[in-house]
Undergrad: 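Questions regarding the structure given below will be posed in turn.
Since the structure is predicted, the reported quantities are computational estimates derived from the model, not experimental observations. Note that ligands are numbered from 1 as they come in the structure, with each ligand's atoms numbered from 1 the same way. Starting from 1, each residue takes its place in the sequence as its number.
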Amino acid sequence: MRFSAFRRFFSFMSTSNKVFVSRKIPQPAVDLLRAAASDARLDIDFWTDENAPSRADLLRRVRGVHGIYCCLTEKIDAELLEAAGDQLKIVSTMSVGYDHVDVRACVERAVRVGNTPGVLTDATADLTVALLLATARRLPEAMATVRDGTWGAWSPFWMLGAGLRFSTVGVVGLGRIGMGVAKRLRPFGVSRILYSGRGEKAEAVEVGGEFVSFSELLRISDYVIACCALTDETRELFDYVAFEQMKRSAVFVNTSRGGVVNQDDLRRALETGLIRAAGLDVTTPEPLPPDHPLVHLPNCVVLPHIGSSEMKTREDMATLAARNLLAGLKGEPMPSEVAL
Ligand code: DGY
């Protein structure tokens, strides 16, 4: 631990804590922070816009703070930690994913990191299933015909999609969200649920999940769903080699992070019929430019990262991030701390 940790302890004893909140956040979390500020020596600087501050603004506003409350769009790297200064104790992100936080750089500075797992599981699993169905049953394409007048007479062959009944679903990363997706898909009459990842999971029995290698999952599944965190191991895991192993009829769904996919390879796979379709709630970059080829492929459904966009879920994420921040400032156990 650096000398800065001792400095931080003495500064906690003697001065007030300053925090920067990088976004307009749901009111219950604001109330929680304000209540804490009135009880303790806590000085909160709220960024009041719904949009993220620019990098320059961020670097400026974190200077001298003890806590940073951020979202997944703020890159928390060595440069930012340096700009904040040695007194920084805690980075609390209002997201379950923390690939935007350089955890190693935080460890080096003894800065604790909090995130928000659990509270967004249901919302994200719901959205994953919605996206899978919308992609497999071609809902956006079908809706477009209603709007543009190309809705013709009923035909036995028109707008045919793929169903879930008797299908094999492959979940890559059977964590909380992957389990939520598997539980939701079981009642659709799927035959098998496969999963791949670092190792077998005891809880997989609840959904009859079968642990297989990544390659086997790709080869056998009708639906391949990416629910894994973005790490060095999973970056661009879904590349041309992976798509090539999938069935020509496979539907690929990603609600984790855009970085797990090589998008040029996905585009090629969709254009050449290597796989049937893809549903993406996450892309690189975000927002994806409207003229990006993936946006215009009829067999690709792109959503603007709305996995957790559900009112109560966002309140729960925001309040959990606030509780993490407050606990971290006091040096207490955080409700959800990233294991460093
Ligand atoms: C998260 O919390 O990481 C989600 O991607 C936000 O929707």
Side-chain angles (χ1 to χ4, degrees), residues 21-26 28-29 47 50-52 68-77 90-103 106 113-132 134 171-181 184 197 225-238 252-261 263 278-288 301-325 328 334-340:
V21 178
S22 74
R23 200 70 60 86
K24 182 176 178 193
I25 56 172
W47 183 259
E50 273 189 40
N51 295 311
I68 299 173
Y69 182 121
C70 66
C71 293
L72 50 86
T73 39
E74 282 80 79
K75 199 167 169 49
I76 309 294
D77 56 7
I90 155 91
V91 170
S92 176
T93 179
M94 187 187 141
S95 61
V96 61
Y98 51 87
D99 46 284
H100 56 297
V101 180
D102 183 340
V103 173
C106 288
V113 179
N115 70 336
T116 65
V119 292
L120 47 72
T121 301
D122 287 327
T124 310
D126 288 351
L127 190 278
T128 306
V129 172
L131 179 56
L132 185 151
V171 180
V172 179
L174 195 73
R176 289 184 191 83
I177 295 170
M179 274 294 287
V181 172
R184 282 161 176 76
I225 310 173
C227 291
C228 50
L230 174 61
T231 62
D232 290 343
E233 244 173 284
T234 62
R235 194 173 302 282
E236 303 206 354
L237 181 64
F238 296 92
F252 171 66
V253 173
N254 182 15
T255 51
S256 64
R257 285 289 184 268
V260 304
V261 177
Q263 282 181 181
L280 312 173
D281 182 44
V282 285
T283 57
T284 309
E286 291 180 6
L288 195 63
V301 179
V302 183
L303 297 179
H305 201 150
I306 55 167
S308 65
S309 308
E310 186 264 324
M311 283 173 273
K312 181 70 173 71
T313 299
R314 284 287 162 83
E315 285 186 5
D316 291 348
M317 290 167 71
T319 49
L320 177 52
R323 286 167 52 224
N324 281 339
L325 181 82
M334 286 154 58
S336 176
E337 180 162 2
V338 172
L340 302 177

Undergrad: What are the atoms of ligand 1, with element, lying closer than 4.0 Å to any heavy atom of His305?
TA: 4 (C), 5 (O), 6 (C), 7 (O)
Undergrad: What I'd like to find out is whether the side chain of Met334 reaches to under 4.5 Å of the side chain of Ile90, using heavy atoms alone.
TA: yes
Undergrad: With a 4.0 Å heavy-atom cut-off (strictly under), which part of Met94 contacts ligand 1: side chain, backbone, both or neither?
TA: neither
Undergrad: Output the distance between atom CG (Asn324) and atom CD (Glu337), rounded to the nearest 0.5 Å.
TA: 8.0 Å
Undergrad: Judged on heavy-atom distance to atom 6 (C) of ligand 1, which of Ser256, Ser309, Ser308 sits nearest?
TA: Ser308
Undergrad: Which option wins on minimum heavy-atom distance to atom 5 (O) of ligand 1: Arg314, Arg257, Glu286, His100?
TA: Arg257
Undergrad: How long is the straight-line distance from OH of Tyr69 back to CG of Leu325, given to the nearest 0.5 Å?
TA: 8.5 Å
Undergrad: Could you give me the CA-CA distance, side-chain angles and deciding distance for Thr93 and Asn115, then say whether side-chain hydrogen bond (donor to acceptor under 3.5 Å, both in side chains) is met?
TA: CA-CA 5 Å; Thr93 179; Asn115 70 336; over 6 Å; no
Undergrad: Using a 4.0 Å heavy-atom cut-off, which part of Leu72 comes near ligand 1: side chain, backbone, both, or neither?
TA: side chain
Undergrad: Applying side-chain hydrogen bond (donor to acceptor under 3.5 Å, both in side chains) to Thr73 and Arg23, what does each step give before you reach the verdict?
TA: CA-CA 10 Å; Thr73 39; Arg23 200 70 60 86; 2.5 Å; yes
Undergrad: Show the atoms of ligand 1 that are less than 4.0 angstrom away from any heavy atom in Val96.
TA: 1 (C), 2 (O), 3 (O)
Undergrad: So, do Asp122 and Glu310 sit near enough that their side-chain heavy atoms are less than 4.5 Å apart?
TA: no
Undergrad: Numbering the atoms of ligand 1 from 1, which are under 4.0 Å from a heavy atom of Met317?
TA: 2 (O)
Undergrad: Below 4.0 Å, non-hydrogen atoms only: which portion of Leu120 touches ligand 1? Side chain, backbone, both or neither.
TA: side chain
